[in-house]
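Please read the structure below before turning to the comments.
Side-chain atoms are counted along with the backbone in the values below, which use heavy atoms only and exclude waters and symmetry mates.
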Amino acid sequence: MLVVLESEVIPMSYVRCLRCKECGAEYPASSTFTSCDEDFGPLEVVYDYEAMRGRVTRASIEAGPRSIWRYRELLPVDWEGAPPPTGHRSGLTPLVRADRLARRLGVDELWVKDDSVNQPTFSYKDRVVAVALARAVECGFDTVGCASTGNLAHSVAAHAAMAGLRAVVMIPHDLEAGKVAAMKAFGAKVVPIEGNYDDVNRLCTEIADRFGWGLVNVNLRPFYTEGAKTFGFEIAEQLGWRLPAHTVLPVAGGTILPKVAKSYRELVTLGLVEDTPARIHGAQAAGCDPVATAVREGKRDFRPQKPKTIAKSIAIGNPADGPYVIEEIRRSGGWADSASDGEIVAAIRLLAETEGIFTEPAGGATLAVAKKLIDSGRIPRDEPICVGITGNGLKTIEALDYDDGRVEREVVGAIPARIEAFAALI
Ligand SMILES: *Cc1c(COP(=O)(O)O)cnc(C)c1O
């Protein structure tokens, strides 16, 4: 649906095409699409791994930039011309051997992949946005934006500033005040919308269409999602080129979990890691857990929910890639569960007190679920575990107010979730 533009950029070196995840229809990689024309399935970037073999090696990666771009051959960007203007400080975040936390949880080998210190905006979103906006520049967009639960808009605002693009970001009206202030600091136009993320997202599909903008999680989505693979590449590289037996990841729109699974498969395909069992587990907040519910009930599809949780950055009740999260969890032999707001806050404090890492509720939910999976025996105590921490606690100080019973804080000036209201404002 919606071919925004045929660009004349040089073909991205190892990228073969975009392929629909549902029907397999193929599209040229030199265009931007929202989804498949045939069945609206999401599009996936397809690479020529044969051509990479022997050229993309452990040594070549280790000799690369100290950022996500060390994996550039496995990303949909063109390096024939100038390097992209984004992402040079993103990625290669610490993989922390968390022994004190491991003792508290009663496990032998525990690692924390710490994107709470990712750059420039302290969440995993800097990975996906760096790739999407690199592609936006190649495609010639002058305005970029997104539908966001907060961190995405923050990152789009910062990367747009870096790349000299105009940013217009659409957010639910009830986001944390600190995140909104931070977006504005980068010069982005921030449009609060009455409604939840799913309302905002629907509106953004119309906005991309009407205004011809590059929206990172709408018409740049096939490129955006690829950036999430770098989270998995780094885990494997930083473990000394091996896969953790268990990886626990948060689930919001459903990008990071399937893409980490893809990253592990690509490393195996290229012979960079051994093909050892790598179970991937999903974590959600109990106040918004469509995917965890489906996994617990043994269903292949999920029922959308209305979010109500302090974990706003992962409060997506109708996740675009939810079915693929369920598929990857099953395929890897993993599981999914959810944590209450109280458990999330307790886990935030536990991580901070044991490892000196201050995460936001998404990270609290992930650690809380990891603990449940360990306690229930789904994750054996003697197998290596990696917990993915995806955001920084300083951005969501309000969440700790939960203990005092204060949860909601509203941003003023929201517009209704209707295209006419948006057009009038713009
Ligand atoms: C966006 C986000 C996630 C995961 O989102 P997906 O859409 O599932 O990739 C996790 N944690 C934080 C802090 C986020 O901002």
Side-chain angles (χ1 to χ4, degrees), residues 12-15 29 44-45 47 52 55-96 112-138 144 146 151-152 154-163 165 216-217 220-239 241 247 249 255-267 270 272-273 386 388-392:
M12 299 167 278
S13 46
Y14 291 107
V15 174
E44 179 86 3
V45 179
Y47 300 84
M52 273 185 226
R55 290 201 233 169
V56 180
T57 63
R58 291 180 182 180
S60 78
I61 291 169
E62 285 166 1
R66 298 194 57 78
S67 71
I68 57 166
W69 299 128
R70 67 206 278 107
Y71 310 103
R72 61 186 174 272
E73 287 91 351
L74 289 152
L75 296 170
V77 287
D78 166 33
W79 277 74
E80 303 297 316
T86 54
H88 295 282
R89 288 179 285 134
S90 306
L92 220 60
T93 56
L95 181 75
V96 177
V112 171
K113 178 59 177 169
D114 184 14
D115 264 13
S116 77
V117 292
N118 200 12
Q119 291 287 314
T121 63
F122 306 98
S123 89
Y124 124 83
K125 292 299 194 302
D126 288 325
R127 301 173 180 278
V128 281
V129 170
V131 174
L133 292 201
R135 190 71 193 131
V137 169
E138 289 172 11
V144 294
C146 60
N151 286 326
L152 183 58
H154 192 193
S155 183
V156 166
H159 277 96
M162 225 181 271
L165 299 167
V216 300
N217 53 345
L220 291 168
R221 191 170 180 86
F223 310 106
Y224 158 91
T225 57
E226 283 290 289
K229 292 190 306 188
T230 61
F231 196 83
F233 292 149
E234 290 176 18
I235 291 172
E237 181 184 347
Q238 291 170 315
L239 277 176
W241 298 105
T247 308
L249 296 168
T255 294
I256 189 170
L257 191 147
K259 290 295 174 163
V260 166
K262 182 179 181 185
S263 78
Y264 289 174
R265 270 199 296 281
E266 288 183 334
L267 293 177
L270 291 172
L272 301 183
V273 297
C386 179
I389 294 300
T390 48
N392 192 301

Report task. Output the distance between atom OG1 (T255) and atom NZ (K125), rounded to the nearest 0.5 Å. Result -> 7.5 Å
Report task. Could you verify whether a donor N or O on one side chain and an acceptor N or O on the other, from T93 and D114, lie under 3.5 Å apart? Result -> no
Report summary line: Exactly one of S67, S155, S90 clears side chain to side chain donor-acceptor pair (under 3.5 Å) with D126, and that residue is S155
Requested in this report: Show your working on side-chain contact (heavy atoms from CB on, under 4.5 Å) between Y264 and I235 and close with a plain yes or no.
Outcome: CA-CA 9 Å; Y264 289 174; I235 291 172; 3.8 Å; yes
Report task. Output, in order, the C-alpha distance, side-chain angles, deciding distance and verdict of side-chain contact (heavy atoms from CB on, under 4.5 Å) for I61 and V56. Result -> CA-CA 7 Å; I61 291 169; V56 180; 4.1 Å; yes
Query - Spacing of L75 atom CG and W69 atom CH2 [to the nearest 0.5 Å] - result: 6.0 Å
Query raised in the report: Can you tell if the side chain of L267 reaches within under 4.5 Å of the side chain of W241, non-hydrogen atoms only?
Result: yes
Requested in this report: Under the ring pair (Phe, Tyr, Trp, His ring centres under 6.0 Å) rule, collect the residues that match up with F122, sequence neighbours excluded.
Outcome: none
Query raised in the report: Which atom names give the shortest non-hydrogen contact between C146 and V216, and what distance separates them?
Result: CB-CG2, 3.7 Å
Report summary line: For E226 and L74, the nearest pair of non-hydrogen atoms, with its separation, is OE1-O, 4.0 Å
Report task. Measure the spacing between CG of L220 and CG of L133 and express it to the nearest 0.5 Å. Result -> 7.5 Å
Requested in this report: State, yes or no, whether a side-chain contact exists between P120 and M162 at a heavy-atom distance under 4.5 Å.
Outcome: yes
Report task. Side-chain contact test, heavy atoms from C-beta onward, threshold under 4.5 Å: evaluate it for F223 versus E138 and give yes or no. Result -> no
Query raised in the report: Ion pair present between E44 and K262, side-chain N to carboxylate O less than 4.0 angstrom?
Result: yes
Query raised in the report: Hey, are the side chains of P94 and V117 touching, using non-hydrogen atoms and a 4.5 Å cut-off?
Result: yes
Query raised in the report: How far apart are the closest heavy atoms of V15 and P76, and which atoms are they?
Result: CG2-CA, 3.9 Å
**Report entry** Minimum heavy-atom distance between G91 and I68, given as atom pair plus value
**Finding:** CA-CG2, 3.7 Å
Query raised in the report: Is any side-chain heavy atom of V131 less than 4.5 Å from a side-chain heavy atom of T230?
Result: no
Query - Gap separating the CD1 atom of I256 from the CG atom of D115, nearest 0.5 angstrom - result: 7.0 Å
Report task. Measure the spacing between CG of N392 and CG of N151 and express it to the nearest 0.5 Å. Result -> 9.0 Å
Query raised in the report: If you round to the nearest 0.5 Å, how far is CD of Q119 from CG of L92?
Result: 12.5 Å
Report task. Could you pull out all residues at least two apart from T86 that satisfy side chain to side chain donor-acceptor pair (under 3.5 Å)? Result -> none
**Report entry** Test log, rule side-chain contact (heavy atoms from CB on, under 4.5 Å), inputs Y14 and R55
**Finding:** CA-CA 11 Å; Y14 291 107; R55 290 201 233 169; 3.5 Å; yes
Requested in this report: Taking the side chain as every heavy atom from C-beta outward, state whether L239 and L95 have any atom pair closer than 4.5 Å.
Outcome: yes
Requested in this report: Answer yes or no: is there a side-chain heavy-atom contact under 4.5 Å between Y71 and E266?
Outcome: no
Report task. Measure across V77 and A134 and return the closest heavy-atom pair with its distance rounded to 0.1 Å. Result -> CG1-CB, 3.8 Å
Report task. Evaluate the side-chain proximity of S13 to R72: yes if any heavy-atom separation is below 4.5 Å, no if none is. Result -> no
Report summary line: Closest heavy-atom pair, S123 versus N118, reported as atoms and distance to 0.1 Å, is O-ND2, 3.0 Å
Report task. Measure the acute angle between the ring planes of Y124 and F231, then classify it against the limits of 30° and 60° as parallel, tilted or perpendicular. Result -> perpendicular
Requested in this report: For E237, check salt bridge (Lys or Arg N to Asp or Glu O under 4.0 Å) against everything at least two apart and list the hits.
Outcome: R70
Query raised in the report: Salt bridge between E234 and R127, side-chain N to carboxylate O under 4.0 Å?
Result: yes
